[in-house]
Colleague: 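Structure incoming, see below.
Remember, it's a predicted structure, so these values are computed and weren't measured experimentally.
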Amino acid sequence: MQVRWKKLFLKTSVWLTAEIILTVVGLDNLADYSEFVLQNQTITQVTEAFSNLITLIS
């Protein structure tokens with residue numbers, strides 16, 4: 001598996017910069033909330049897929 005170091009470094013740098021700026025401005029909670037929403041959508045999709053799989057097996 002080949003890691004694209006430049007892309008990884010760029011994404012990490014952008015994320016870290018955004019976190020620092022949002023913390024200084026006081027909007028870090030907004031960033032945390034967006035991460036929660038995205039994680040919640042993922043959990044919902046996985047749960048739905050698992051439910052569909054169980055329905056197909058039954």
Side-chain angles (χ1 to χ4, degrees):
M1 185 173 184
Q2 185 179 12
V3 178
R4 293 186 168 83
W5 291 106
K6 289 181 183 180
K7 189 173 184 179
L8 177 65
F9 178 73
L10 178 65
K11 284 185 176 186
T12 304
S13 297
V14 169
W15 171 80
L16 185 59
T17 302
E19 283 289 330
I20 291 170
I21 290 171
L22 290 173
T23 300
V24 169
V25 176
L27 296 176
D28 190 42
N29 291 336
L30 181 63
D32 292 339
Y33 179 72
S34 68
E35 291 173 7
F36 169 76
V37 168
L38 292 176
Q39 181 182 15
N40 193 20
Q41 289 175 351
T42 303
I43 291 172
T44 302
Q45 291 172 352
V46 169
T47 304
E48 184 179 334
F50 187 68
S51 175
N52 290 340
L53 180 64
I54 291 175
T55 303
L56 289 173
I57 293 173
S58 301

Colleague: Mark yes or no for whether S51, through its side chain, and T47, through its backbone, hold a donor-acceptor pair below 3.5 Å.
Modeller: no
Colleague: In Å and rounded to the nearest 0.5 Å, what is the CG to CD distance from N52 to E48?
Modeller: 5.5 Å
Colleague: Please round to the nearest 0.5 Å and tell me the distance separating atom CG of L10 and atom CH2 of W5.
Modeller: 14.5 Å
